[in-house]
Amino acid sequence: MPFKKILVVGEVGLGGLRPESLEAVNAALDLASASGAEVAGAVVGADAETAAISLAVTGLSTVYLASDPRLDNDLPITRALTSVVETSGADVVIIAGTTTGRDVAARLGARMNAAVASDVVGLEASGGDVVARRSILGGKSLVSVTLQGDPLRIVSLRSGSWAKAATDKSSGSVVPVLFELSDNDTRVRVDGIQAGGESGGVKLQSADTIVAGGRGLKEPQNFAMVEKLAETVGGAVAASRAVVDAGWRPHHEQIGQTGQSVTPRLYIAIGISGAVQHNVGMQGSEYIVAINRDPDAPIFKLAAFGIVGDLFEVVPALTAELSK
Ligand SMILES: Cc1cc2nc3c(=O)[nH]c(=O)nc-3n(C[C@H](O)[C@H](O)[C@H](O)COP(=O)(O)OP(=O)(O)OC[C@H]3O[C@@H](n4cnc5c(N)ncnc54)[C@H](O)[C@@H]3O)c2cc1C
(Lines give C-alpha, C1' and ligand atoms only; values in the text may rest on other atoms or scores of the structure.)
Protein backbone atom coordinates (compact mmCIF):
# COMPACT_ATOMS: atom_id res chain seq x y z
CA MET A 1 0.00 0.00 0.00
CA PRO A 2 1.50 3.40 -0.94
CA PHE A 3 2.50 5.54 2.02
CA LYS A 4 0.63 8.80 2.56
CA LYS A 5 2.03 10.46 5.64
CA ILE A 6 5.61 10.89 6.84
CA LEU A 7 6.30 11.76 10.47
CA VAL A 8 9.66 13.36 11.19
CA VAL A 9 10.73 13.00 14.80
CA GLY A 10 12.49 15.96 16.43
CA GLU A 11 14.77 15.01 19.31
CA VAL A 12 14.97 17.11 22.46
CA GLY A 13 18.59 17.90 23.36
CA LEU A 14 20.12 19.88 26.21
CA GLY A 15 19.63 23.18 24.39
CA GLY A 16 16.28 22.46 22.65
CA LEU A 17 15.85 20.73 19.29
CA ARG A 18 18.91 18.64 18.33
CA PRO A 19 20.39 20.01 15.08
CA GLU A 20 20.45 16.52 13.52
CA SER A 21 16.63 16.60 13.57
CA LEU A 22 16.78 19.35 10.94
CA GLU A 23 18.53 16.86 8.63
CA ALA A 24 15.62 14.46 9.22
CA VAL A 25 13.21 17.23 8.12
CA ASN A 26 14.99 17.55 4.77
CA ALA A 27 15.06 13.76 4.36
CA ALA A 28 11.28 13.71 4.93
CA LEU A 29 10.71 16.59 2.50
CA ASP A 30 12.80 14.80 -0.18
CA LEU A 31 10.80 11.61 0.23
CA ALA A 32 7.57 13.60 0.21
CA SER A 33 8.44 15.39 -3.00
CA ALA A 34 9.18 12.03 -4.65
CA SER A 35 5.90 10.49 -3.46
CA GLY A 36 3.37 13.26 -2.86
CA ALA A 37 3.06 12.20 0.79
CA GLU A 38 2.22 14.70 3.52
CA VAL A 39 4.87 15.55 6.17
CA ALA A 40 4.22 16.25 9.85
CA GLY A 41 6.54 16.53 12.84
CA ALA A 42 6.63 14.91 16.27
CA VAL A 43 8.50 15.92 19.41
CA VAL A 44 8.49 13.70 22.48
CA GLY A 45 10.44 14.46 25.62
CA ALA A 46 10.69 16.18 28.96
CA ASP A 47 10.21 19.92 28.62
CA ALA A 48 9.78 19.52 24.85
CA GLU A 49 7.76 22.64 23.94
CA THR A 50 10.72 24.75 22.78
CA ALA A 51 11.97 21.92 20.56
CA ALA A 52 8.47 21.52 19.08
CA ILE A 53 8.35 25.22 18.17
CA SER A 54 11.82 24.96 16.57
CA LEU A 55 10.57 22.02 14.48
CA ALA A 56 7.37 23.84 13.51
CA VAL A 57 9.29 26.77 11.99
CA THR A 58 10.84 24.48 9.36
CA GLY A 59 7.54 24.87 7.52
CA LEU A 60 5.81 21.68 8.72
CA SER A 61 2.07 22.30 8.95
CA THR A 62 1.60 20.18 12.11
CA VAL A 63 3.93 19.13 14.92
CA TYR A 64 2.54 16.59 17.40
CA LEU A 65 3.85 17.15 20.90
CA ALA A 66 4.15 14.85 23.91
CA SER A 67 5.86 16.74 26.71
CA ASP A 68 6.13 15.31 30.22
CA PRO A 69 8.91 15.24 32.85
CA ARG A 70 8.80 11.42 32.84
CA LEU A 71 9.86 11.35 29.15
CA ASP A 72 13.54 11.55 30.05
CA ASN A 73 14.89 8.37 28.46
CA ASP A 74 14.35 5.96 25.60
CA LEU A 75 11.85 3.65 27.33
CA PRO A 76 9.03 6.14 28.05
CA ILE A 77 9.89 8.16 24.91
CA THR A 78 9.23 5.08 22.76
CA ARG A 79 5.93 4.44 24.55
CA ALA A 80 4.71 8.01 24.06
CA LEU A 81 5.98 8.10 20.47
CA THR A 82 3.85 5.02 19.75
CA SER A 83 0.76 7.04 20.73
CA VAL A 84 1.95 9.99 18.65
CA VAL A 85 2.47 7.80 15.57
CA GLU A 86 -1.01 6.28 16.01
CA THR A 87 -2.63 9.71 16.49
CA SER A 88 -0.86 11.16 13.46
CA GLY A 89 -1.85 8.31 11.14
CA ALA A 90 1.69 8.28 9.72
CA ASP A 91 2.90 5.27 7.77
CA VAL A 92 6.56 6.35 7.55
CA VAL A 93 8.65 7.62 10.49
CA ILE A 94 12.01 9.33 9.98
CA ILE A 95 14.37 9.77 12.94
CA ALA A 96 17.79 11.47 13.14
CA GLY A 97 20.83 9.22 13.46
CA THR A 98 21.77 10.15 17.01
CA THR A 99 22.41 7.53 19.70
CA THR A 100 18.91 8.11 21.09
CA GLY A 101 17.39 8.23 17.59
CA ARG A 102 18.84 4.87 16.57
CA ASP A 103 17.75 3.32 19.86
CA VAL A 104 14.22 4.72 19.74
CA ALA A 105 13.83 3.67 16.06
CA ALA A 106 14.66 0.05 16.93
CA ARG A 107 12.42 0.03 20.02
CA LEU A 108 9.54 1.64 18.11
CA GLY A 109 9.96 -0.91 15.31
CA ALA A 110 9.68 -3.78 17.77
CA ARG A 111 6.71 -2.23 19.55
CA MET A 112 4.80 -1.44 16.36
CA ASN A 113 5.89 -4.45 14.28
CA ALA A 114 7.38 -2.15 11.65
CA ALA A 115 10.03 -2.47 8.95
CA VAL A 116 13.14 -0.60 10.17
CA ALA A 117 16.28 0.61 8.38
CA SER A 118 19.14 2.34 10.21
CA ASP A 119 22.17 4.36 9.02
CA VAL A 120 20.21 5.56 5.99
CA VAL A 121 22.00 7.93 3.59
CA GLY A 122 19.41 8.10 0.77
CA LEU A 123 15.66 7.63 0.36
CA GLU A 124 13.45 6.99 -2.66
CA ALA A 125 9.81 6.14 -3.24
CA SER A 126 9.22 3.14 -5.48
CA GLY A 127 5.82 1.67 -6.28
CA GLY A 128 4.43 2.71 -2.90
CA ASP A 129 7.39 1.32 -0.98
CA VAL A 130 10.23 3.20 0.67
CA VAL A 131 13.65 2.31 -0.72
CA ALA A 132 16.47 3.19 1.66
CA ARG A 133 20.19 3.28 0.91
CA ARG A 134 22.06 2.19 4.04
CA SER A 135 25.68 2.74 4.91
CA ILE A 136 27.27 -0.51 6.11
CA LEU A 137 30.70 -1.78 7.20
CA GLY A 138 31.60 1.58 8.72
CA GLY A 139 30.75 3.47 5.52
CA LYS A 140 32.77 1.19 3.18
CA SER A 141 29.68 -0.08 1.32
CA LEU A 142 26.09 0.87 0.60
CA VAL A 143 23.12 -1.48 0.49
CA SER A 144 19.63 -0.73 -0.86
CA VAL A 145 16.70 -2.11 1.11
CA THR A 146 12.98 -1.94 0.35
CA LEU A 147 10.71 -1.31 3.33
CA GLN A 148 7.37 -2.79 2.44
CA GLY A 149 4.31 -1.20 3.99
CA ASP A 150 1.80 -2.31 6.53
CA PRO A 151 1.63 -1.01 9.01
CA LEU A 152 4.67 1.20 9.31
CA ARG A 153 8.19 1.85 7.96
CA ILE A 154 10.80 3.44 10.22
CA VAL A 155 14.06 4.97 9.08
CA SER A 156 16.93 6.30 11.18
CA LEU A 157 19.49 8.36 9.28
CA ARG A 158 23.24 8.56 9.18
CA SER A 159 24.15 12.02 10.48
CA GLY A 160 25.42 14.39 7.83
CA SER A 161 23.66 12.74 4.89
CA TRP A 162 21.18 15.61 4.39
CA ALA A 163 21.61 19.35 4.82
CA LYS A 164 19.86 20.90 7.79
CA ALA A 165 16.44 22.44 7.08
CA ALA A 166 16.14 26.19 7.58
CA THR A 167 14.20 27.36 10.63
CA ASP A 168 12.90 30.64 9.26
CA LYS A 169 9.54 29.56 7.83
CA SER A 170 6.14 30.47 9.22
CA SER A 171 5.21 28.25 12.13
CA GLY A 172 2.87 25.29 11.76
CA SER A 173 0.55 24.33 14.60
CA VAL A 174 1.75 22.38 17.63
CA VAL A 175 -0.81 19.74 18.63
CA PRO A 176 -0.56 18.10 22.08
CA VAL A 177 -1.08 14.32 22.12
CA LEU A 178 -2.39 12.31 25.07
CA PHE A 179 -0.49 9.16 26.01
CA GLU A 180 -0.26 6.73 28.90
CA LEU A 181 2.80 5.30 30.58
CA SER A 182 2.84 2.04 32.51
CA ASP A 183 5.12 1.19 35.45
CA ASN A 184 7.20 -0.81 32.96
CA ASP A 185 7.85 2.29 30.88
CA THR A 186 9.18 4.26 33.84
CA ARG A 187 11.54 1.63 35.26
CA VAL A 188 14.53 3.85 34.44
CA ARG A 189 14.70 7.45 35.64
CA VAL A 190 17.39 9.97 34.72
CA ASP A 191 18.59 11.71 37.87
CA GLY A 192 20.87 14.26 36.22
CA ILE A 193 22.78 15.05 33.05
CA GLN A 194 26.32 16.34 33.08
CA ALA A 195 27.39 18.08 29.89
CA GLY A 196 30.88 17.39 28.49
CA GLY A 197 33.81 19.76 29.09
CA GLU A 198 34.38 23.05 27.30
CA SER A 199 35.30 21.31 24.02
CA GLY A 200 33.17 18.26 24.78
CA GLY A 201 30.77 16.20 22.74
CA VAL A 202 27.83 18.53 23.27
CA LYS A 203 29.84 21.48 21.98
CA LEU A 204 31.10 19.54 18.95
CA GLN A 205 27.57 18.59 17.94
CA SER A 206 26.52 22.22 17.66
CA ALA A 207 29.82 23.74 16.46
CA ASP A 208 29.83 25.62 13.16
CA THR A 209 33.58 25.18 12.84
CA ILE A 210 35.71 22.27 14.04
CA VAL A 211 39.50 22.07 13.99
CA ALA A 212 40.65 18.47 14.32
CA GLY A 213 44.16 17.12 14.85
CA GLY A 214 45.67 13.71 14.19
CA ARG A 215 48.82 11.69 14.65
CA GLY A 216 50.69 13.98 12.24
CA LEU A 217 51.02 16.40 15.18
CA LYS A 218 53.62 13.99 16.60
CA GLU A 219 53.34 15.06 20.28
CA PRO A 220 50.39 15.91 22.53
CA GLN A 221 51.78 19.36 23.35
CA ASN A 222 51.66 20.25 19.63
CA PHE A 223 47.87 20.26 19.95
CA ALA A 224 48.39 23.82 21.23
CA MET A 225 48.58 24.74 17.53
CA VAL A 226 45.19 23.17 16.91
CA GLU A 227 43.73 24.95 19.94
CA LYS A 228 45.13 28.30 18.81
CA LEU A 229 43.71 27.94 15.30
CA ALA A 230 40.36 26.86 16.79
CA GLU A 231 40.34 29.89 19.07
CA THR A 232 41.19 32.18 16.14
CA VAL A 233 38.30 30.92 14.01
CA GLY A 234 35.88 30.47 16.93
CA GLY A 235 35.76 26.70 16.51
CA ALA A 236 35.79 23.59 18.70
CA VAL A 237 38.73 21.18 18.96
CA ALA A 238 38.42 17.55 17.87
CA ALA A 239 40.74 14.60 17.29
CA SER A 240 41.26 11.36 15.43
CA ARG A 241 41.13 8.07 17.27
CA ALA A 242 44.88 7.57 16.92
CA VAL A 243 45.55 10.49 19.25
CA VAL A 244 42.67 9.65 21.59
CA ASP A 245 43.97 6.08 21.92
CA ALA A 246 47.41 7.51 22.62
CA GLY A 247 45.90 9.46 25.52
CA TRP A 248 46.65 12.89 23.98
CA ARG A 249 43.01 13.98 23.89
CA PRO A 250 39.81 12.95 25.73
CA HIS A 251 37.43 10.50 24.06
CA HIS A 252 34.59 13.04 23.83
CA GLU A 253 36.67 14.87 21.21
CA GLN A 254 37.01 11.81 18.96
CA ILE A 255 35.36 12.01 15.54
CA GLY A 256 34.42 8.89 13.62
CA GLN A 257 32.80 5.50 13.69
CA THR A 258 33.56 4.96 17.37
CA GLY A 259 33.33 8.64 18.28
CA GLN A 260 31.12 11.57 17.40
CA SER A 261 29.36 12.24 14.08
CA VAL A 262 29.47 15.94 13.30
CA THR A 263 28.19 18.17 10.51
CA PRO A 264 29.76 21.62 10.91
CA ARG A 265 29.97 24.21 8.14
CA LEU A 266 33.77 24.00 8.25
CA TYR A 267 35.96 21.04 9.30
CA ILE A 268 39.72 21.60 9.29
CA ALA A 269 41.65 18.30 9.46
CA ILE A 270 45.30 18.70 10.46
CA GLY A 271 47.67 15.75 10.18
CA ILE A 272 44.78 13.31 9.76
CA SER A 273 45.12 10.67 7.03
CA GLY A 274 41.37 10.25 6.34
CA ALA A 275 40.78 6.62 7.31
CA VAL A 276 37.26 5.47 6.48
CA GLN A 277 36.47 5.12 10.21
CA HIS A 278 37.34 8.79 10.71
CA ASN A 279 35.59 10.01 7.58
CA VAL A 280 32.19 8.53 8.46
CA GLY A 281 32.04 10.91 11.40
CA MET A 282 32.78 14.12 9.47
CA GLN A 283 31.98 13.59 5.80
CA GLY A 284 28.69 15.48 6.16
CA SER A 285 30.58 18.72 6.92
CA GLU A 286 29.80 21.45 4.43
CA TYR A 287 33.45 22.34 3.71
CA ILE A 288 36.39 20.13 4.61
CA VAL A 289 39.88 21.64 4.61
CA ALA A 290 42.79 19.19 4.88
CA ILE A 291 46.38 19.96 5.80
CA ASN A 292 48.69 17.00 5.17
CA ARG A 293 52.20 16.57 3.80
CA ASP A 294 51.24 13.43 1.86
CA PRO A 295 49.55 14.41 -1.43
CA ASP A 296 48.04 10.90 -1.66
CA ALA A 297 46.41 11.00 1.80
CA PRO A 298 42.77 9.80 1.44
CA ILE A 299 41.52 12.89 3.29
CA PHE A 300 42.12 14.92 0.11
CA LYS A 301 39.38 12.91 -1.67
CA LEU A 302 36.85 14.47 0.72
CA ALA A 303 38.38 17.91 1.04
CA ALA A 304 36.97 20.93 -0.72
CA PHE A 305 40.33 22.66 -0.10
CA GLY A 306 43.63 20.92 0.52
CA ILE A 307 47.03 22.19 1.56
CA VAL A 308 49.90 19.78 0.87
CA GLY A 309 52.66 20.78 3.25
CA ASP A 310 54.26 20.45 6.64
CA LEU A 311 51.62 21.26 9.23
CA PHE A 312 54.28 22.75 11.51
CA GLU A 313 54.77 25.49 8.92
CA VAL A 314 51.25 25.71 7.48
CA VAL A 315 49.18 25.89 10.68
CA PRO A 316 51.08 28.77 12.39
CA ALA A 317 51.11 30.71 9.09
CA LEU A 318 47.39 30.13 8.57
CA THR A 319 46.59 31.11 12.18
CA ALA A 320 48.67 34.29 11.88
CA GLU A 321 46.96 35.19 8.60
CA LEU A 322 43.45 34.51 9.95
CA SER A 323 44.04 36.47 13.15
CA LYS A 324 44.67 39.57 11.04
C1 LIG B 1 36.79 -0.63 14.36
C2 LIG B 1 37.57 0.64 14.19
C3 LIG B 1 36.98 1.82 14.57
C4 LIG B 1 37.69 3.03 14.40
N5 LIG B 1 37.09 4.21 14.78
C6 LIG B 1 37.74 5.37 14.53
C7 LIG B 1 37.12 6.62 14.84
O8 LIG B 1 36.00 6.70 15.37
N9 LIG B 1 37.80 7.74 14.55
C10 LIG B 1 39.06 7.74 13.99
O11 LIG B 1 39.62 8.81 13.76
N12 LIG B 1 39.66 6.56 13.71
C13 LIG B 1 39.04 5.39 13.98
N14 LIG B 1 39.68 4.21 13.73
C15 LIG B 1 41.13 4.27 13.38
C16 LIG B 1 41.41 4.59 11.94
O17 LIG B 1 41.41 3.41 11.17
C18 LIG B 1 42.79 5.27 11.80
O19 LIG B 1 43.78 4.43 12.34
C20 LIG B 1 42.88 6.64 12.47
O21 LIG B 1 41.80 7.46 12.07
C22 LIG B 1 44.20 7.31 12.07
O23 LIG B 1 44.33 8.51 12.74
P24 LIG B 1 45.22 9.67 12.11
O25 LIG B 1 44.69 10.06 10.79
O26 LIG B 1 45.37 10.72 13.15
O27 LIG B 1 46.67 8.98 12.00
P28 LIG B 1 47.45 8.45 10.73
O29 LIG B 1 46.63 7.54 9.91
O30 LIG B 1 48.75 7.96 11.26
O31 LIG B 1 47.69 9.76 9.86
C32 LIG B 1 48.56 10.79 10.19
C33 LIG B 1 48.63 11.72 8.98
O34 LIG B 1 49.45 12.84 9.32
C35 LIG B 1 50.21 13.18 8.18
N36 LIG B 1 51.40 13.88 8.66
C37 LIG B 1 52.44 13.38 9.38
N38 LIG B 1 53.32 14.36 9.66
C39 LIG B 1 52.87 15.48 9.07
C40 LIG B 1 53.35 16.82 8.98
N41 LIG B 1 54.50 17.21 9.59
N42 LIG B 1 52.63 17.72 8.30
C43 LIG B 1 51.46 17.37 7.68
N44 LIG B 1 50.96 16.11 7.73
C45 LIG B 1 51.64 15.19 8.42
C46 LIG B 1 50.53 11.86 7.50
O47 LIG B 1 50.82 12.07 6.12
C48 LIG B 1 49.25 11.07 7.75
O49 LIG B 1 48.35 11.20 6.66
C50 LIG B 1 39.01 3.02 13.88
C51 LIG B 1 39.58 1.80 13.48
C52 LIG B 1 38.88 0.63 13.63
C53 LIG B 1 39.51 -0.65 13.20
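Note that ligands are numbered from 1 as they come in the structure, with each ligand's atoms numbered from 1 the same way. Sequence positions, counted from 1, serve as the residue numbers for this chain.
Between the side chain of Asn222 and the backbone N or O of Leu217 there is at least one donor-acceptor pair closer than 3.5 Å. Ser118 places no side-chain N or O within donor-acceptor distance of the main-chain N or O of Ser156, the cut-off being under 3.5 Å. Judged by distance alone, with hydrogens and angles left aside, the side-chain atoms of Thr82 form a donor-acceptor pair with the main-chain N or O of Thr78 at under 3.5 Å. Between the Arg158 side chain and the Val280 main chain, a donor and an acceptor come within less than 3.5 Å of each other. The backbone N or O of Arg134 sits nowhere less than 3.5 Å from a side-chain atom of Asp119 that would complete a donor-acceptor pair. With hydrogens and angles ignored, the 3.5 Å screen pairs no side-chain donor or acceptor of Asn292 with any backbone N or O of Ala297. In this structure, Asp91 contributes its side chain and Lys5 its backbone to a donor-acceptor pair below 3.5 Å.
Atoms of ligand 1 lying under 4.0 Å from at least one heavy atom of Gln257, given by number and element, are 7 (C), 8 (O). Near Asp310, with a cut-off below 4.0 Å to any heavy atom, the atoms of ligand 1 are 40 (C), 41 (N), 42 (N). For ligand 1, the atoms closer than 4.0 angstrom to any heavy atom of Asp294 are 47 (O). Close contacts between ligand 1 and Gly216 involve ligand atoms 32 (C), 34 (O), 36 (N), 37 (C), 38 (N), 39 (C) [criterion: under 4.0 Å to a heavy atom]. Below 4.0 Å from some heavy atom of Gly256 lie the following atoms of ligand 1, by number and element: 7 (C), 8 (O), 9 (N). Less than 4.0 angstrom separates some heavy atom of Phe312 from each of these atoms of ligand 1: 41 (N).
For atom 9 (N) of ligand 1, the candidate residues are Asn222, Ile255, Val243; the nearest heavy-atom contact is made by Ile255. Within the set Lys218, Gln277, Gln260, the minimum heavy-atom distance to atom 51 (C) of ligand 1 is found for Gln277. For atom 27 (O) of ligand 1, the nearest non-hydrogen atom from the set Arg215, His251, Glu313 comes from Arg215.
For the pair Gly271 and ligand 1, the shortest N or O to N or O distance falls below 3.5 Å. In terms of N/O distances under 3.5 Å, ligand 1 is not approached by Gly214. Of the N or O atoms in Leu311, one or more lie within a sub-3.5 Å distance of an N or O in ligand 1.
Looking only at protein heavy atoms, the nearest one to atom 26 (O) of ligand 1 is Ser240 OG, 2.6 Å. When only non-hydrogen protein atoms are considered, atom 18 (C) of ligand 1 lies nearest to Ala275 CB, 3.6 Å. Atom 7 (C) of ligand 1 has Gln254 NE2, 3.3 Å as its closest protein atom, hydrogens excluded (heavy atom only). Of all protein heavy atoms, the one lying nearest to atom 5 (N) of ligand 1 is Thr258 OG1, 2.7 Å. With respect to atom 45 (C) of ligand 1, the closest heavy atom belonging to the protein is Arg293 CG, 3.8 Å. Considering only non-hydrogen protein atoms, atom 48 (C) of ligand 1 sits nearest to Asn292 ND2, 3.7 Å. Counting only heavy atoms of the protein, atom 4 (C) of ligand 1 lies nearest to Arg241 NH1, 3.2 Å. At the shortest separation from atom 25 (O) of ligand 1 among protein heavy atoms lies Ser273 N, 2.8 Å.
Other residues, nucleotides and ligands place more than 12 heavy atoms under 6.0 Å from the CD atom of Gln221.
Taking a cutoff of 4.0 Å between a charged side-chain nitrogen and a carboxylate oxygen, Glu286 and Lys164 do not qualify as a salt bridge.
With 3.5 Å as the limit, one finds no donor-acceptor pair spanning the side chains of Thr98 and Glu20. In this model, no donor atom of one side chain and acceptor atom of the other lie less than 3.5 Å apart for Thr100 and Asp103. Residues Arg241 and Thr258 have side chains that bring a donor and an acceptor to within less than 3.5 angstrom of each other.
Residue Gly259 places a heavy atom less than 4.0 Å from ligand 1. Within the 4.0 Å heavy-atom shell around ligand 1 one finds Gly309.
Between Ala48 and Ala66, the shortest heavy-atom distance links the atoms CB-O, 4.3 Å.
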Steps toward salt bridge (charged side-chain N to carboxylate O under 4.0 Å, His left out) verdict (Asp185, Arg111): CA-CA 12 Å; Asp185 300 319; Arg111 198 178 268 278; 3.4 Å; yes
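Of all the heavy atoms of Val276, none lies under 4.0 Å from any atom of ligand 1, so neither backbone nor side chain is involved.
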